[in-house]
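By convention in this document, chain letters (A, B, ...) are assigned in the order of the sequence lines, proteins followed by strands, and residues within each chain are numbered from 1. Bear in mind the structure is a predicted one, so any value in this text is a computation, not a measurement.
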Protein chains: 2
Amino acid sequence: MVTRAESAAATRRALLDAAAELLDLGGPEAVTLREVGARAGVTRGAPYRHFADKDSLLTAVAAERWEQIAGQVHALRIDPALSASKKLRRALHTLIDVGRDQPHAYQMLFRWNGKRAGQLERLHRQLCGPEGDPEAADRAAGRFQDEFLAIVAAVAGERNAQHYGALLLAGAHGVAGMEHSGHLGADKWRTTADELVDTLVRVVVTAQ
Amino acid sequence: MVTRAESAAATRRALLDAAAELLDLGGPEAVTLREVGARAGVTRGAPYRHFADKDSLLTAVAAERWEQIAGQVHALRIDPALSASKKLRRALHTLIDVGRDQPHAYQMLFRWNGKRAGQLERLHRQLCGPEGDPEAADRAAGRFQDEFLAIVAAVAGERNAQHYGALLLAGAHGVAGMEHSGHLGADKWRTTADELVDTLVRVVVTAQ
DNA sequence: TCGTTGAGGTGACAACGTCATCTGAAAGCC
DNA sequence: GGCTTTCAGATGACGTTGTCACCTCAACGA
């Protein structure tokens, strides 16, 4: 009935779900391999059959989150009922919302992805590693960036899309980060994250 | 010769220096209380006489870094040889430089400062705690923000200084974060962090 | 001078990531 | 079907970490 491959895939899925849930609840520190295993119905050593280490597990969670965000922005981009500038605002607010609703997962998205420096290590992983996700998170983030870039190009033109796209993305990212870290206190700056994103779009659009 | 207060102050200083050094070397994970104590010439339990826990120690390090940055920006602001817009660019590049040279310390600066939620806990800490730094990091960050706000006001006018100041600060923060996390790959966006900050200033200034 | 205080040392504990090893069932092969 | 191989998962163990309770002893106030 249940082949071994099916069982393994189900376990991997359960591990990812458990890790994502724990991440949202209490941050990376709360993602314990023991607790992840327990919630997935296995023991603490089992995750090592699917992920190289804890970091790889968290990276895989981040990759899925990037995929999800990329899907949302893609749906936004092909929506014929929205104007180009509206799509741009919505895309940036998508990031803000993630940072607001799942702050810990958001931090995983923009985390220095270690492991990547060594080209030698990549080769080794490709040959004997448990297969899988050396740069899956990078590719997923790239898919989001491609979708976002297309939206920016429709507003700012193909010529400066990359430069202004990076500026818009970095701006929204900074707003999300400052809101999350509490450095956007209303008493000090007398503004909100949403206002800042809207101003950012307006300012960039009017500039070019 | 050496009073008890002097000795304690020297130990505290050594603990902060050791923690800062380890933080720069290997990030928060590398800051172990045992190694910090060893480098400060004491044992693992000694830091608890000066800081409530590891998190408080890291927060104190972040507070000193904020003080240092605030000092740099202050020196910038009162420099008569610089134009207003030049001061603005330099202030933002100060942040970018910290994110580039001490990325781990930079992340500490914009970290969610936990402990602050409970007003009850603040009172308790004020009464019986080991004295010290409940919101020292916040106050230091506030000093930087005040200096920065004054620079922005000289460029964008007093009226919209807060709104545009927050936008500029968040923009630079996002650029620093994306550069640090590797999401600013030159092949994708065809731009650099420095170009982005300059464009950000130009765009905001021309808008208002 | 004597009791008090508080910085620092020490032992211990639980929790964690990680690995080596073992087990048992599915998978492939004859 | 019977055999061997493979591999997901269980288990025991190890080193490291943050943290606490307890102890020591020199500086301090009276």
Side-chain angles (χ1 to χ4, degrees), chain A residues 1-19 22-23 25-61 108 114-115 121 124-125 127-132, chain B residues 1-19 22-23 25-61 108 114-115 121 124-125 127-132:
Chain A
M1 181 58 77
V2 283
T3 79
R4 180 150 62 175
E6 284 171 352
S7 170
T11 297
R12 180 189 162 91
R13 190 82 292 259
L15 289 172
L16 284 169
D17 291 340
L22 288 172
L23 179 63
L25 285 180
E29 314 295 309
V31 179
T32 300
L33 288 185
R34 285 164 166 84
E35 181 66 19
V36 168
R39 294 196 177 212
V42 292
T43 56
R44 70 202 177 244
Y48 286 91
R49 290 288 144 187
H50 300 270
F51 306 96
D53 52 6
K54 176 181 174 177
D55 219 69
S56 296
L57 172 60
L58 287 175
T59 300
V61 171
M108 286 295 123
K115 313 305 168 71
E121 179 152 1
H124 173 274
R125 202 59 69 90
L127 292 179
C128 22
E131 99 188 68
Chain B
M1 180 57 81
V2 283
T3 79
R4 181 150 64 175
E6 284 171 352
S7 169
T11 298
R12 180 189 163 92
R13 191 81 292 263
L15 289 172
L16 284 169
D17 291 339
L22 289 172
L23 178 63
L25 285 180
E29 314 295 310
V31 180
T32 83
L33 290 184
R34 284 163 166 84
E35 181 66 20
V36 168
R39 295 196 177 212
V42 292
T43 55
R44 66 197 185 250
Y48 286 91
R49 288 290 143 188
H50 301 270
F51 306 96
D53 51 8
K54 176 180 174 178
D55 217 70
S56 295
L57 172 59
L58 287 175
T59 300
V61 171
M108 286 295 123
K115 312 306 168 70
E121 179 153 359
H124 173 275
R125 201 60 69 90
L127 292 178
C128 21
E131 99 187 68

How close or far is atom [atom2] of [N] from atom [atom1] of [X], stated in whole angstroms?
X: B:Glu6; N: C:dA7; atom1: CD; atom2: P; answer: 14 Å
X: A:Glu29; N: C:dG17; atom1: CD; atom2: C1'; answer: 13 Å
X: B:Leu33; N: C:dC13; atom1: CG; atom2: C1'; answer: 16 Å
X: B:Leu58; N: D:dT17; atom1: CG; atom2: C1'; answer: 14 Å
X: A:Glu35; N: C:dG17; atom1: CD; atom2: P; answer: 11 Å
X: B:Phe51; N: C:dA7; atom1: CZ; atom2: C1'; answer: 14 Å

With respect to the side chain of [X], which nucleotide from [options] is positioned closest?
X: B:Arg44; options: C:dG8, D:dT19, D:dA10; value: D:dT19
X: A:His50; options: C:dG9, C:dC16, D:dA8; value: D:dA8
X: B:Thr43; options: D:dA8, C:dG17, C:dG9; value: C:dG9
X: A:Arg49; options: C:dT21, D:dG18, C:dG9; value: C:dT21

Could you grab the distance from atom CG of B:Leu16 to atom CG of B:Leu23, nearest 0.5 Å is fine?
11.5 Å
Gap separating the CZ atom of B:Arg39 from the OG1 atom of B:Thr32, nearest 0.5 angstrom
9.5 Å
The residue, A:Lys54 or B:Gly45, whose nearest nucleotide of DNA chain C is more 5′ is B:Gly45
Let me know, please, whether B:Gly41 or A:Pro28 comes out on the 5' side of the other along DNA chain C by nearest nucleotide.
B:Gly41
When you measure from the side-chain N and O atoms of [X] to the phosphate of [N], is any distance below 4.0 Å, counting only OP1 and OP2?
X: A:Thr32; N: C:dC16; value: yes
X: A:Thr11; N: D:dG9; value: yes
X: A:Tyr48; N: C:dC19; value: no

Could you go through the side chain to side chain contact (heavy atoms under 4.5 Å, CB included) check for B:Leu33 and B:Leu57 one step at a time?
CA-CA 9 Å; B:Leu33 290 184; B:Leu57 172 59; 4.0 Å; yes
Let's test your reading of the model: under 3.5 Å, does the base of D:dG18 pair with the side chain of B:Arg34 as donor and acceptor?
yes
Taking all heavy atoms of A:Ala19 and all of A:Val61, pick out the closest pair and write down the distance.
CB-CG2, 3.9 Å
Might you work through the side chain to side chain contact (heavy atoms under 4.5 Å, CB included) test for B:Val42 and B:Leu15, ending with a clear yes or no?
CA-CA 9 Å; B:Val42 292; B:Leu15 289 172; 4.2 Å; yes
Base, sugar-phosphate, or nothing: which does B:Val31 touch, judged by heavy atoms less than 4.0 Å apart?
sugar-phosphate
